[in-house]
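Quick notes on the structure that follows.
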Amino acid sequence: MKKVQRQNWVMRAAFILSCIFLFGTSLAAAQDAKSLAIKARDEGKVVFYTTMALPDAQTLTALFEKQQPGVKVEMFRSGSGGITNRVQTEYNAKGYLVDVIQGVANRAMIPTFKERGIIDKHISPQLKFVPDDLKDKEGYWASMYQNTYVLVYNKRLVAEKDVPRTYDDLLKPMWKGKKIINDVENFPWFNGLLSDWGKEKGLAYFRRLARQGNLFYRGSRLRIQLVSAGEAPLAIAYGSHATDYMNRGAPLGWVALEPVVFNVNSISLAKRAPHPNAAKLLFDFLFSKEAHLQLRAISHIPARSDVEPIPPELFKGFSRIFAYKDAGEISEIVRLFNDTFGLAR
């Protein structure tokens, strides 16, 4: 009896101690967050370079400013190439203007920015909700949302029995003659499959695909609109964009050709950030559940594991590979892509 009582007492004591520890940890985290917010308000603003569509970026930053009165977001919006060039030009001139950089992973620039001391580490407490393949273990970047490269088709032009289910299906004679719309800058998709298949096998495949006579346009949404309008039956485009148009009644379907290449929309803190506390505060907000619920509402695939995309099949149920897991210089990837498809540089 005494032994049982002693065991119960030990269990109760352990429970009480664990509660004290958790309470202390939560209290410390709350105090750290409060301290960070006070310091950020002293800085007054945060400079954010982003590739997001301007209305989407404005919606998110408005939520942040509402949560953090006294911290204004100064935003520069451009494509990944424009942001990459701007940041490098500023750092070459020792003009450290940016605090938070988004979207440069689309140009395989994370390794270069890390090597040059342009981005810094930050292990946000919010990153515990982000899967390992969507963040850097050292803290140099994490994906805020992802884009998947899928095959989009027009249901009125393609019978269900003819819908391609594999990459090799795109090489069938029935898809020859400007029936597949590709992107003039589909470098991530191209590199992802080269990395997975091996350069020799991958280039052999893409040369055969090029002989099918692809159409080339810039922009995932434009390619989907063209397929929806019947300009071509097939396109390589983003799954989330296709779903968005399908929800509006477009006569479309999409297929996850495996392995599905995905690219990350990375967020990194700038090294030598002029507003370092506000930068961390914005970074943490961009990975909050509230921010990712908003991302989902505007047809993105959120990175947080507790905010599934709609539908969940946008990012699960298939094998997936990161576009730039193994990447050399972006200039070489661009050269290979252009040479393979006969595009002007």
Side-chain angles (χ1 to χ4, degrees), residues 147-239 241-243 245-246 250-263 313-314 317-328 332-345:
N147 291 320
T148 54
Y149 293 84
V150 304
L151 181 73
V152 182
Y153 63 94
N154 185 311
K155 289 183 174 182
R156 294 172 182 164
L157 300 179
V158 184
E160 187 63 27
K161 64 181 179 61
D162 294 327
V163 175
R165 304 292 173 182
T166 68
Y167 288 106
D168 283 342
D169 285 347
L170 296 178
L171 305 178
K172 290 180 177 179
M174 67 184 300
W175 305 122
K176 189 174 179 66
K178 298 183 178 180
K179 294 180 179 178
I180 305 170
I181 303 180
N182 210 324
D183 194 302
V184 292
E185 294 187 7
N186 252 354
F187 315 131
W189 176 68
F190 178 76
N191 185 74
L193 292 176
L194 284 187
S195 299
D196 191 66
W197 293 341
K199 188 174 180 179
E200 184 177 348
K201 177 184 174 182
L203 285 177
Y205 172 81
F206 282 118
R207 286 169 185 143
R208 292 178 67 194
L209 183 63
R211 290 197 289 272
Q212 292 289 74
N214 297 190
L215 290 166
F216 283 88
Y217 292 93
R218 180 72 186 101
S220 172
R221 290 189 181 275
L222 174 60
R223 298 196 301 281
I224 292 168
Q225 289 167 0
L226 290 171
V227 169
S228 181
E231 295 296 320
L234 306 174
I236 302 296
Y238 295 158
H241 289 174
T243 300
Y245 283 95
M246 289 163 64
L252 301 171
W254 62 267
V255 178
L257 304 181
E258 295 187 80
V260 174
V261 177
F262 73 90
N263 201 16
E313 291 74 26
L314 278 170
F318 49 73
S319 61
R320 68 192 194 202
I321 51 173
F322 176 30
Y324 291 120
K325 182 178 180 182
D326 298 306
E332 176 61 12
I333 297 168
V334 172
R335 184 192 69 77
L336 276 175
F337 181 85
N338 289 337
D339 288 351
T340 301
F341 287 101
L343 300 175
R345 278 180 271 174

With a 4.5 Å heavy-atom cut-off, do [X] and [Y] have their side chains touching?
{"X": "Y153", "Y": "L252", "result": "no"}
{"X": "Y324", "Y": "P188", "result": "yes"}
{"X": "L193", "Y": "W189", "result": "yes"}
{"X": "I181", "Y": "Y217", "result": "yes"}
{"X": "Y238", "Y": "T148", "result": "no"}
{"X": "F206", "Y": "L336", "result": "no"}
{"X": "V150", "Y": "V255", "result": "no"}
{"X": "L209", "Y": "I180", "result": "yes"}

Short question: side chain of [X], backbone of [Y] - any donor-acceptor pair under 3.5 Å?
{"X": "K172", "Y": "P164", "answer": "no"}
{"X": "N154", "Y": "V227", "answer": "yes"}
{"X": "R208", "Y": "A204", "answer": "no"}
{"X": "K179", "Y": "M174", "answer": "yes"}
{"X": "D169", "Y": "T166", "answer": "yes"}
{"X": "N147", "Y": "F262", "answer": "no"}
{"X": "R223", "Y": "I236", "answer": "yes"}
{"X": "N191", "Y": "A323", "answer": "yes"}
{"X": "D183", "Y": "G219", "answer": "yes"}
{"X": "N214", "Y": "A210", "answer": "no"}

Quick one: pull up [atom1] in [X] and [atom2] in [Y] and give me the separation to the nearest 0.5 Å.
{"X": "E231", "Y": "L222", "atom1": "CD", "atom2": "CG", "result": "10.0 Å"}
{"X": "N182", "Y": "Y149", "atom1": "CG", "atom2": "OH", "result": "10.0 Å"}
{"X": "E160", "Y": "K155", "atom1": "CD", "atom2": "NZ", "result": "7.5 Å"}
{"X": "R221", "Y": "L226", "atom1": "CZ", "atom2": "CG", "result": "14.0 Å"}
{"X": "D196", "Y": "K201", "atom1": "CG", "atom2": "NZ", "result": "8.0 Å"}
{"X": "E185", "Y": "N338", "atom1": "CD", "atom2": "CG", "result": "9.0 Å"}

*side chain to side chain contact (heavy atoms under 4.5 Å, CB included) between L234 and L170: does it pass, once the steps are laid out?*
CA-CA 9 Å; L234 306 174; L170 296 178; 4.1 Å; yes
Looking at [X], I want to see if its [atom1] is surrounded by more than 12 non-hydrogen atoms of other residues, nucleotides or ligands under 6.0 Å.
{"X": "K176", "atom1": "NZ", "result": "yes"}
{"X": "R165", "atom1": "CZ", "result": "yes"}
{"X": "F341", "atom1": "CZ", "result": "yes"}

Between [X] and [Y], which heavy-atom pair has the shortest distance, and what is it?
{"X": "L215", "Y": "A232", "value": "CD1-CB, 4.2 Å"}
{"X": "W254", "Y": "G239", "value": "NE1-O, 4.2 Å"}
{"X": "L314", "Y": "T243", "value": "CD2-OG1, 3.4 Å"}
{"X": "R218", "Y": "V184", "value": "CD-CG2, 3.7 Å"}
{"X": "A237", "Y": "I224", "value": "CB-CG1, 3.7 Å"}
{"X": "D162", "Y": "W175", "value": "O-CZ2, 3.4 Å"}

*Can you check whether W197 and Y205 have ring centres sitting under 6.0 Å from each other?*
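Yes: the rings meet the under 6.0 Å criterion.
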_Between E258 and Y167, a side-chain donor and acceptor under 3.5 Å_ =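 Short answer, no.
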*asked:* What verdict does the side chain to side chain contact (heavy atoms under 4.5 Å, CB included) test give for F190 and V261, after you've listed the backbone C-alpha separation in whole Å, the side-chain angles of each residue and the deciding distance to 0.1 Å?
replied: CA-CA 9 Å; F190 178 76; V261 177; over 6 Å; no
*asked:* Apply side chain to side chain contact (heavy atoms under 4.5 Å, CB included) to residues E313 and F318 and explain how you reach the verdict.
replied: CA-CA 8 Å; E313 291 74 26; F318 49 73; 5.9 Å; no
